[in-house]
Q: 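Sharing a structure below in structure tokens format, with a few things to ask.
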Amino acid sequence: MVKLKVKDILEQKGLTRYWLYKQMGMSYQNFNRMINNETKSIKYSNLEALCLILDCYPSDLFEYNPEELE
């Protein structure tokens, strides 16, 4: 299973979900689904925005665990 690690990155950087939500400019519903790994897809533009805002690489955003079931 592939998971988005945004919450971990925010915690490491001392930032809040609300701060990121305001930076992203997305609807709260879509933002919340993305952050909580409740979506099946993520737009490239959102990945790019996350990387720019969090000063990280796309590979930093994901965790892959093939043994975990969806």
Side-chain angles (χ1 to χ4, degrees):
M1 173 183 249
V2 176
K3 287 186 176 179
L4 197 61
K5 300 187 324 180
V6 173
K7 288 192 238 179
D8 296 337
I9 294 170
L10 288 171
E11 187 176 316
Q12 291 169 2
K13 294 182 178 273
L15 301 169
T16 65
R17 289 174 50 172
Y18 180 73
W19 175 85
L20 181 60
Y21 162 67
K22 292 306 252 179
Q23 301 297 311
M24 292 291 294
M26 301 172 68
S27 72
Y28 181 74
Q29 185 176 17
N30 287 339
F31 174 79
N32 202 42
R33 278 192 209 134
M34 180 178 70
I35 295 301
N36 290 318
N37 291 294
E38 296 171 352
T39 184
K40 297 289 181 189
S41 64
I42 300 174
K43 291 181 182 180
Y44 283 122
S45 58
N46 289 336
L47 288 176
E48 183 177 17
L50 285 170
C51 289
L52 290 170
I53 292 166
L54 297 173
D55 189 30
C56 66
Y57 293 100
S59 59
D60 299 330
L61 295 174
F62 296 100
E63 175 182 308
Y64 177 62
N65 186 348
E67 297 175 6
E68 209 172 286
L69 299 175
E70 285 193 31

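Keep in mind the model is a prediction, meaning the values are calculated, not measured.
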Q: As an exercise, state the distance from CG of L61 to CD1 of I42, rounded to the nearest 0.5 Å.
A: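 L61 CG to I42 CD1: 8.0 Å, rounded to 0.5 Å.
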
Q: Just jot down the salt bridge (charged side-chain N to carboxylate O under 4.0 Å, His left out) partners of K3, sequence neighbours excluded, or say none.
A: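 Per chain and number, K3 pairs via salt bridge (charged side-chain N to carboxylate O under 4.0 Å, His left out) with E68.
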
Q: Looking only at heavy atoms, which two atoms of C51 and P58 are closest? And how far apart?
A: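 Heavy-atom minimum between the residues: SG-N, 3.4 Å.
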
Q: More than 12 non-hydrogen atoms from neighbouring residues, nucleotides or ligands closer than 6.0 Å to CZ on F62, yes or no?
A: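 Atom CZ in F62 is packed in, count exceeds 12.
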
Q: Not counting sequence neighbours, which residues clear side-chain contact (heavy atoms from CB on, under 4.5 Å) with S27? List them please.
A: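 Listed in chain order: Q29, N30.
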
Q: Drop me the distance from L47's CG to L52's CG, to the nearest 0.5 angstrom.
A: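 Taking CG in L47 and CG in L52, the distance rounds to 11.0 Å.
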
Q: Rounded at 0.5 Å granularity, tell me how far CG in L20 sits from CE in M26.
A: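 Rounded to the nearest 0.5 Å, the CG-CE separation comes out at 9.0 Å.
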
Q: Is there a side-chain contact between V6 and M34 in this structure, where contact means two heavy atoms from C-beta onward sitting under 4.5 Å apart?
A: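 Not in contact.
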
Q: Taking side chain to side chain donor-acceptor pair (under 3.5 Å) as the test, write out the residues that go with S41, two or more places apart.
A: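 For S41 there are no side chain to side chain donor-acceptor pair (under 3.5 Å) partners, ignoring immediate neighbours.
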
Q: Considering residues at least two apart in sequence or located in another chain, which fulfil the side-chain contact (heavy atoms from CB on, under 4.5 Å) criterion with Y64?
A: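 Result, side-chain contact (heavy atoms from CB on, under 4.5 Å) vs Y64: V2, P66.
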
Q: Quick one: ring-ring contact (aromatic ring centres under 6.0 Å, His included) partners of Y21, sequence neighbours excluded?
A: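 ring-ring contact (aromatic ring centres under 6.0 Å, His included) check on Y21 returns Y28, F31.
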
Q: Please list all pairs passing the salt bridge (Lys or Arg N to Asp or Glu O under 4.0 Å) test where one or both residues lie in residues 7-32, with sequence neighbours left out.
A: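 Sorted result for residues 7-32: empty, none.
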
Q: Look up atom CD in E63 and atom CE in M1, then write down how far apart they are to the nearest 0.5 Å.
A: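 One gets 10.5 Å once the value is rounded to the nearest 0.5 Å.
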
Q: Considering all heavy atoms of both residues, which atom of D60 and which atom of I9 are nearest to each other, and what is their separation?
A: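 Closest pair (atom of D60, atom of I9, distance): O-CD1, 3.5 Å.
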
Q: Could you measure the distance from the CD1 atom of I35 to the CG atom of L10? Nearest 0.5 Å is fine.
A: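 With rounding to 0.5 Å, CD1 (I35) is 6.5 Å from CG (L10).
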
